[in-house]
Amino acid sequence: MADQSIPEARARRTPKAASNTGSKAAPDAAPAAASKGEVPLNGGAGDDASRAGVLSRRRLLGTAGATGLVLGAAGGAVGYAARPAEATPLASLGAGQVMFHGKHQPGILQGLQARGHLVAFDLAAGAGRKEAAALLRRWSETARRLMAGEAAQQDDTDVARDAGPSSLTITFGFGFGFFARTGLEKQRPVALDPLPDFSSDQLDKARSNGDLWVQIGADDALVAFHALRAIQKDAGRAAKLRWQMNGFNRSPGATSSPMTARNLMGQMDGTRNPKPAEADFDRRIFVPESGSKDPAWMANGSYAVVRRIRMLLDDWEQLSVKAQEEVIGRRKSDGAPLSGGTETTEMDLEKTDKAGNLVVPINAHARITRPDQNGGAAMLRRPFSYHDGIGADGVPDAGLLFVCWQADPLRGFVTVQRKLDRGDALSKYIRHESSGLFAVPGGAAEGEYVGQRLLEG
């Protein structure tokens with residue numbers, strides 16, 4: 001399980017030593033944490049529900065005097081000592097921790113997070129394999145520290161000083177151009193070939209693709225921003241920012257019971273996501289350790305398709321609820337198929353009304369995207385919503401930062417998108433404005449950095 005508890009005795013996020021002796025760490029006023037639990041492992045039902053309570057795994061750092069501020073012997077440096085007996089534990093939301101090291105990278109199997117940043121970089125002129133390896137080593141160490149609720153190793157900004165890790169995840173991937181820049185073309189997977197053009201594409205090349213991709217997610221906005229700034233600073237002279245997109249989901253605990261998340265159209269989004277408990281889940285989502293056409297360094301990795309999909313909300317909101325439901329093929333209130341039942345009821349594609357018309361329209365989005373209508377093609381959706389204000393055209397620049405995971409993008413995303421191209425009722429109300437495809441290697445083992453088997457193999 002990726003989401004595990006932090007040992008209780010471990011110190012809170014500890015910034016670098018302060019430059020003046022007058023600084024203090026303010027104690028939290030958060031309530032005691034609930035009992036130990038787990039984060040949902042898929043993008044379907046339960047994504048935005050309150051993360052199950054976890055025992056406090058992090059103690060407040062002391063302040064001056066009775067709370068344990070310790071002055072260094074030289075008189076200038078300030079240290080922070082943990083006081084397990086007296087400290088107030090973090091609330092369960094802040095205490096949630098996802099482990100950096102593991103079979104798969106974090107940020108794939110965890111439930112949807114409240115705040116996210118998607119960022120792409122290009123290697124700087126003159127930077128090659130050596131510089132890329134050093135960068136991934138820095139990034140991996142920063143990710144490990146921040147995901148554990150610790151401060152960045154160098155020049156921490158203190159933005160997340162008072163917070164726990166808040167289920168922070170940081171994920172790294174490689175774009176098509178990365179391999180030529182590093183002289184590793186022979187190690188580039190065939191599955192990373194550029195995506196074909198689709199009829200709904202109006203892509204901005206400046207906001208598409210990139211040599212390196214980073215996904216950041218957390219259940220606290222400041223924790224996510226803190227990680228974003230640390231990753232950007234770590235890039236140094238090795239890589240330059242190509243594009244950045246900022247997203248959000250419903251906050252954990254905002255609903256009275258676990259529910260599938262809703263997108264900005266008000267529709268439940270992720271009902272049909274594959275579940276880890278399914279027998280073929282790993283085969284569909286992750287590259288196997290053997291028997292694959294992918295290079296060995298991609299074992300236990302996955303491919304991420306990233307699309308910025310603008311929702312034409314002014315047009316969508318003019319539709320009646322009934323018309324919106326016919327576009328999607330599901331009831332807006334509870335996500336149940338129009339053929340009846342509950343959200344998880346199997347859709348009856350042949351059911352007709354008294355007039356003989358299909359209850360689920362032939363061009364309904366949910367009908368077209370079903371795996372059994374696409375040769376079994378499946379992908380794990382893990383998106384964020386976005387809202388970037390009002391565009392130059394005077395309408396909301398808002399929609400979905402679509403992120404989906406699959407073992408083979410040609411059999412996953414491309415198969416489904418081609419089918420949607422041929423008559424999806426939803427296409428009239430959306431526009432794909434940027435795109436990227438990234439090879440995301442498996443997780444780093446203890447003592448390794450992400451991508452080490454590629455860059456040092």
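The residues of the chain are indexed from 1 along the displayed sequence. These numbers come from a predicted model, not from an experiment.
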Legend entry - Pairing of Asp204 and Arg207 as salt bridge, 4.0 angstrom limit: yes
Inset, instruction - Could you check if a side-chain atom of Ile216 sits within less than 4.5 angstrom of a side-chain atom of Leu168, using non-hydrogen atoms only? - result: yes
Inset, instruction - Measure from the side-chain N and O atoms of His101 to the backbone N and O of Ala445, and report whether any donor-acceptor pair falls under 3.5 Å. - result: yes
Inset, instruction - Using only heavy-atom distances, determine whether the side chains of Asp269 and Gln267 contain a donor-acceptor pair under 3.5 Å. - result: no
Inset, instruction - Write down the atom of Gly341, the atom of Ala336, and the distance for their closest heavy-atom approach. - result: O-CB, 3.3 Å
Inset, instruction - Using distance alone, with no hydrogens and no angle criterion, decide if Ser199 and Asp421 have a side-chain donor and acceptor under 3.5 Å apart. - result: yes
Inset, instruction - Would you check if Gln417 and Leu195 make a side-chain contact, meaning some heavy-atom pair closer than 4.5 Å? - result: no
Legend entry - Nearest heavy atoms of Ala377 and Arg411, plus distance in Å: CB-O, 2.9 Å
Legend entry - Backbone N/O of Ala425 and side chain of Ser427: donor-acceptor pair under 3.5 Å: no
Legend entry - Rounded distance (nearest 0.5 Å) linking atom CG of Leu184 with atom NZ of Lys186: 11.0 Å
Inset, instruction - Could you tell me whether Arg310 and Asp388 have a side-chain N and a carboxylate O separated by less than 4.0 Å? - result: no
Legend entry - Heavy-atom closest pair, residues Gln318 and Asp314: CG-O, 3.2 Å
Inset, instruction - Determine whether Gln406 and Cys404 make a side-chain contact, defined as any pair of heavy atoms from C-beta on separated by less than 4.5 Å. - result: yes
Inset, instruction - Check whether any side-chain N or O of Asn249 sits under 3.5 Å from a backbone N or O of Phe384 as a donor-acceptor pair, and report yes or no. - result: no
Inset, instruction - Please check if the side chain of Asn374 supplies one atom and the backbone of Ile368 the other of a donor-acceptor pair under 3.5 Å. - result: yes
Legend entry - Donor-acceptor contact present, side-chain Ser140 to main-chain Val450, <3.5 Å: yes
Legend entry - Check: Leu241 and Val119 side chains under 4.5 Å, non-hydrogen atoms: yes
Inset, instruction - Give the intermediate values and the outcome of side-chain hydrogen bond (donor to acceptor under 3.5 Å, both in side chains) for residues Gln110 and Ser167. - result: CA-CA 9 Å; Gln110 287 70 39; Ser167 299; over 6 Å; no
Inset, instruction - Measure across Ile231 and Ile170 and return the closest heavy-atom pair with its distance rounded to 0.1 Å. - result: CD1-CG2, 4.3 Å
Legend entry - Verdict with supporting geometry, His365 and Leu420, side chain to side chain contact (heavy atoms under 4.5 Å, CB included): CA-CA 8 Å; His365 184 75; Leu420 292 171; 3.7 Å; yes
Inset, instruction - To the nearest 0.5 Å, tell me how far Met245 CE sits from Ser434 OG. - result: 3.0 Å
Inset, instruction - State, to 0.1 Å, how close Val360 and Ser339 come at their nearest heavy-atom pair, and which atoms those are. - result: CG2-N, 4.0 Å
Inset, instruction - For the pair Lys332 (side chain) and Arg330 (backbone), establish whether a donor and an acceptor sit closer than 3.5 Å, ignoring hydrogens and angles. - result: no
Legend entry - Side chain Trp405, main chain Ile108, donor-acceptor under 3.5 Å: no
Inset, instruction - Decide yes or no on side chain to side chain contact (heavy atoms under 4.5 Å, CB included) for Trp243 and Leu118, but give the supporting numbers first. - result: CA-CA 8 Å; Trp243 53 259; Leu118 307 180; 4.0 Å; yes
Inset, instruction - Would you tell me whether Thr260 and Glu343 have side-chain atoms, one donor and one acceptor, within less than 3.5 Å of each other? - result: yes
Inset, instruction - Sequence neighbours left out, what pairs pass salt bridge (Lys or Arg N to Asp or Glu O under 4.0 Å) with at least one residue falling in residues 276-297? - result: Asp280-Arg283, Asp280-Arg284
Legend entry - Flag, side chain of Thr345 to backbone of Thr342, donor-acceptor distance under 3.5 Å: yes
Inset, instruction - Taking Trp297 for its side chain and Gly457 for its backbone only, find out whether a donor-acceptor pair lies under 3.5 Å. - result: no
Inset, instruction - State the OH-CZ distance between Tyr386 and Arg308, to the nearest 0.5 angstrom. - result: 3.5 Å
Inset, instruction - Measure the shortest side-chain to side-chain distance between Glu346 and Arg370 over non-hydrogen atoms and say whether it is less than 4.5 angstrom. - result: yes
Legend entry - Derivation of the salt bridge (charged side-chain N to carboxylate O under 4.0 Å, His left out) call for Arg188 and Glu185: CA-CA 5 Å; Arg188 182 170 58 212; Glu185 293 99 324; over 6 Å; no
Legend entry - Side chains of Val223 and Leu146 in contact at under 4.5 Å (non-hydrogen atoms): no
Legend entry - Non-hydrogen side-chain atoms of Tyr429 and Met311 separated by less than 4.5 Å: no
Inset, instruction - Report yes or no: is the cationic atom of Arg381 (NZ for Lys, CZ for Arg) closer than 6.0 Å to the six-membered ring centre of Phe402, at no more than 45° off its axis? - result: no
Inset, instruction - Please name the residue in the list Phe438, Trp139, Trp213 that meets the ring pair (Phe, Tyr, Trp, His ring centres under 6.0 Å) test with Phe121. - result: Trp139
Legend entry - Member of Val440, Leu212, Val214 meeting the side chain to side chain contact (heavy atoms under 4.5 Å, CB included) criterion with Phe172: Val214
Inset, instruction - Quick one: pull up CD1 in Ile309 and OG in Ser200 and give me the separation to the nearest 0.5 Å. - result: 7.5 Å
Legend entry - Derivation and outcome, side chain to side chain contact (heavy atoms under 4.5 Å, CB included), residues Leu401 and Gln215: CA-CA 11 Å; Leu401 300 181; Gln215 174 191 255; over 6 Å; no
Inset, instruction - In plain terms, say whether Asp211 and Arg181 are close enough for a salt bridge, that is, a side-chain N and a carboxylate O under 4.0 Å apart. - result: yes
Inset, instruction - Verify salt bridge (charged side-chain N to carboxylate O under 4.0 Å, His left out) between Arg307 and Asp201, making sure each step is shown before the conclusion. - result: CA-CA 10 Å; Arg307 309 277 282 186; Asp201 286 356; 2.5 Å; yes
Inset, instruction - Would you give the length of the straight line joining atom CG of Asp315 to atom CD of Glu317, rounded to the nearest 0.5 angstrom? - result: 9.5 Å
Inset, instruction - With the side chain counted from C-beta on, respond yes when Val305 and Met379 share a heavy-atom pair under 4.5 Å apart, and no when they do not. - result: no
Legend entry - Gln452 side-chain N/O to Tyr449 backbone N/O, donor-acceptor pair under 3.5 Å: yes
Inset, instruction - Working to the nearest 0.5 Å, report the span between CG of Leu109 and NZ of Lys103. - result: 10.0 Å
Legend entry - Chi angles and distances behind the side chain to side chain contact (heavy atoms under 4.5 Å, CB included) call for Phe179, Leu192: CA-CA 11 Å; Phe179 297 85; Leu192 202 57; 3.4 Å; yes
Legend entry - Ring-ring centroid check Phe286 His104, cutoff 6.0 Å: yes
Legend entry - Side-chain ion pair, Glu325 and Lys322, N-O less than 4.0 Å: no
Legend entry - Minimal non-hydrogen separation, Thr171 against Pro106, with atom names: OG1-O, 2.5 Å
